[in-house]
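Working notes, beginning with the structure itself.
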Number of protein chains: 2
Amino acid sequence: VTEFDLTQKLVNEYMIDSDKVAHVQLNNPLKHALLVLTKTGYNAVPVLDYDGTFKGLISKSHIIEKMFGLDQIEVDLLDEITVKHVMDNDIKTLQLGETLEKALHLLIDHNFVCVVNHSNIMEGILTRRQLLKQIRNQFYQ
Amino acid sequence: VTEFDLTQKLVNEYMIDSDKVAHVQLNNPLKHALLVLTKTGYNAVPVLDYDGTFKGLISKSHIIEKMFGLDQIEVDLLDEITVKHVMDNDIKTLQLGETLEKALHLLIDHNFVCVVNHSNIMEGILTRRQLLKQIRNQFYQ
Ligand SMILES: Nc1ncnc2c1ncn2[C@@H]1O[C@@H]2COP(=O)(O)O[C@H]3[C@@H](O)[C@H](n4cnc5c(N)ncnc54)O[C@@H]3COP(=O)(O)O[C@H]2[C@H]1O
Ligand SMILES: Nc1ncnc2c1ncn2[C@@H]1O[C@@H]2COP(=O)(O)O[C@H]3[C@@H](O)[C@H](n4cnc5c(N)ncnc54)O[C@@H]3COP(=O)(O)O[C@H]2[C@H]1O
């Protein structure tokens with residue numbers, strides 16, 4: 001049995017690089033956010049500011065709940081309401097150089113975690129899938 | 001280092017029992033399915049037949065894609081289109097008595113896997129969260 005060691009693996013090597021991460025911006029209208037989520041097929045994506053700093057997450061659930069709250073006639077409000085108004089901005093992140101062990105603790109309650117640098121710029125995301133693949137590769141092939 | 005052994009743990013002991021699993025039925029209208037998904041907060045739930053047999057999964061994504069395809073005026077069609085018409089019915093399952101090792105392989109590409117008995121009745125679901133908790137408990141506290 002090999003030593004099971006997530007404390008020696010850094011998130012940097014296993015994250016999905018930010019250029020491959022679908023995201024939306026704070027001031028995008030909800031209609032644009034729903035289009036990105038529907039086209040990519042993801043249930044939630046990171047929200048960044050214009051300068052690439054990480055701000056939080058937005059999910060299909062957030063937008064559907066908002067749509068349910070609107071009158072049939074006002075669905076075109078989705079052009080006016082922005083991501084900023086329905087996103088979740090209380091989200092933990094990982095720093096570059098942190099370990100997969102720390103990521104494991106966060107991925108128990110979250111589908112993915114954003115990895116940021118010291119200026120809070122998003123460098124990538126670490127997903128449950130990436131972590132499970134590492135665990136599988138270490139023990140079973 | 002303890003031996004990392006998912007081959008000795010059975011899915012039965014770690015699955016969420018079916019009485020705690022939100023689900024919809026084949027003949028439910030999409031409007032009901034969207035309500036269940038929105039109220040529970042889940043992105044996808046199992047689809048069962050009237051006798052409890054497992055039939056597949058339905059997700060918010062399936063329903064939103066259908067809504068996008070409809071004319072504004074026809075949204076009330078959601079009362080008439082049923083789960084059966086938009087669900088994914090090509091879904092792998094786990095059998096009672098199978099191991100967490102087998103579950104690990106399936107959970108790399110799926111958020112959760114349904115556990116069924118020999119009559120294909122759903123007994124529970126095994127989620128990525130349940131598996132990650134077991135891995136964390138075995139190595140890190
Ligand atoms: N287009 C696709 N092709 C193939 N498989 C797909 C897929 N979309 C989703 N999946 C599968 O479904 C899981 C859950 O996706 P979800 O969108 O809820 O949740 C995703 C999504 O919110 C986010 N995510 C993943 N990759 C992303 C990316 N490139 N850009 C932005 N967000 C991403 O991280 C969460 C966890 O992703 P993870 O890969 O662990 O787990 C994914 C993956 O196994
Ligand atoms: N109401 C809630 N309270 C607290 N945390 C919540 C939550 N809803 C979702 N989450 C968190 O978000 C993750 C993804 O949820 P999702 O709905 O996309 O994907 C879920 C959902 O599709 C399904 N699922 C989980 N529990 C379920 C249940 N009791 N009934 C039906 N489906 C369930 O299994 C997938 C994976 O679930 P998992 O627990 O691994 O992972 C969950 C959990 O960590």
Side-chain angles (χ1 to χ4, degrees), chain A residues 1-7 31 33-44 59-76 78 88 99-113 127-141, chain B residues 1-7 31 33-44 59-76 78 88 99-113 127-141:
Chain A
V1 177
T2 50
E3 182 147 339
F4 180 69
D5 204 350
L6 297 182
T7 58
K31 201 164 196 173
L34 192 56
L35 200 67
V36 169
L37 291 168
T38 308
K39 271 190 125 178
T40 58
Y42 297 123
N43 283 312
S59 68
K60 274 175 182 154
S61 303
H62 291 138
I63 300 177
I64 291 181
E65 267 164 48
K66 195 74 190 169
M67 281 166 80
F68 260 127
L70 293 177
D71 245 359
Q72 187 62 33
I73 308 146
E74 293 171 75
V75 170
D76 49 1
L78 289 189
D88 185 343
T99 68
L100 283 193
E101 182 202 355
K102 176 139 192 221
L104 170 60
H105 288 280
L106 288 176
L107 290 171
I108 283 175
D109 283 319
H110 301 87
N111 264 353
F112 69 99
V113 187
T127 62
R128 279 173 168 177
R129 184 173 188 278
Q130 295 293 91
L131 181 67
L132 288 171
K133 269 177 16 186
Q134 280 322 303
I135 292 168
R136 183 213 37 200
N137 293 348
Q138 213 171 353
F139 288 98
Y140 310 100
Q141 274 301 1
Chain B
V1 179
T2 50
E3 184 146 336
F4 181 69
D5 204 351
L6 296 183
T7 58
K31 202 163 195 175
L34 190 57
L35 201 68
V36 169
L37 291 168
T38 309
K39 271 190 128 180
T40 58
Y42 297 122
N43 284 312
S59 68
K60 273 176 183 154
S61 302
H62 292 139
I63 300 177
I64 290 182
E65 269 164 46
K66 193 76 190 166
M67 281 166 81
F68 261 127
L70 294 177
D71 244 359
Q72 186 64 30
I73 307 148
E74 292 171 76
V75 170
D76 49 0
L78 288 190
D88 184 344
T99 67
L100 283 193
E101 181 201 357
K102 176 140 191 222
L104 169 60
H105 289 279
L106 289 175
L107 290 171
I108 283 174
D109 283 321
H110 301 88
N111 264 355
F112 69 100
V113 187
T127 62
R128 280 174 167 178
R129 182 172 189 276
Q130 295 292 91
L131 181 68
L132 287 171
K133 269 176 22 186
Q134 281 321 304
I135 293 169
R136 182 210 40 197
N137 293 350
Q138 215 171 350
F139 289 97
Y140 311 100
Q141 274 303 2

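Just so it is clear: chains get the letters A, B, ... in the order the sequence lines come, proteins before strands, and each one is counted from 1. Computed from a predicted model, the values in this text were never measured in an experiment.
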task = Could you please spell out the steps behind the side chain to side chain contact (heavy atoms under 4.5 Å, CB included) verdict for Leu132(B) and Leu132(A)?
result = CA-CA 8 Å; Leu132(B) 287 171; Leu132(A) 288 171; 3.7 Å; yes
Separation between CD1 of Ile108(B) and CZ of Arg136(A), rounded to the nearest 0.5 Å = 3.5 Å
message = Walk me through whether Ser61(A) and Thr38(B) qualify under side chain to side chain contact (heavy atoms under 4.5 Å, CB included).
response = CA-CA 7 Å; Ser61(A) 303; Thr38(B) 309; over 6 Å; no
request  = Could you grab the distance from atom CD1 of Ile135(B) to atom CZ of Phe139(A), nearest 0.5 Å is fine?
outcome  = 9.0 Å
remark   = Rounded to the nearest 0.5 angstrom, the CZ-CG distance for Arg129(A) and Leu107(B) is 12.0 Å
query = Under a 4.5 Å heavy-atom cut-off, does chain A meet the side chain of Leu37(B), its backbone, both or neither?
reply = neither
task = First locate atom NZ of Lys133(A), then atom CG of Asp109(B), and finally report the distance between them rounded to the nearest 0.5 Å.
result = 8.5 Å
request  = To the nearest 0.5 angstrom, please state how far the CZ atom of Arg128(A) sits from the CG atom of Leu131(B).
outcome  = 10.0 Å
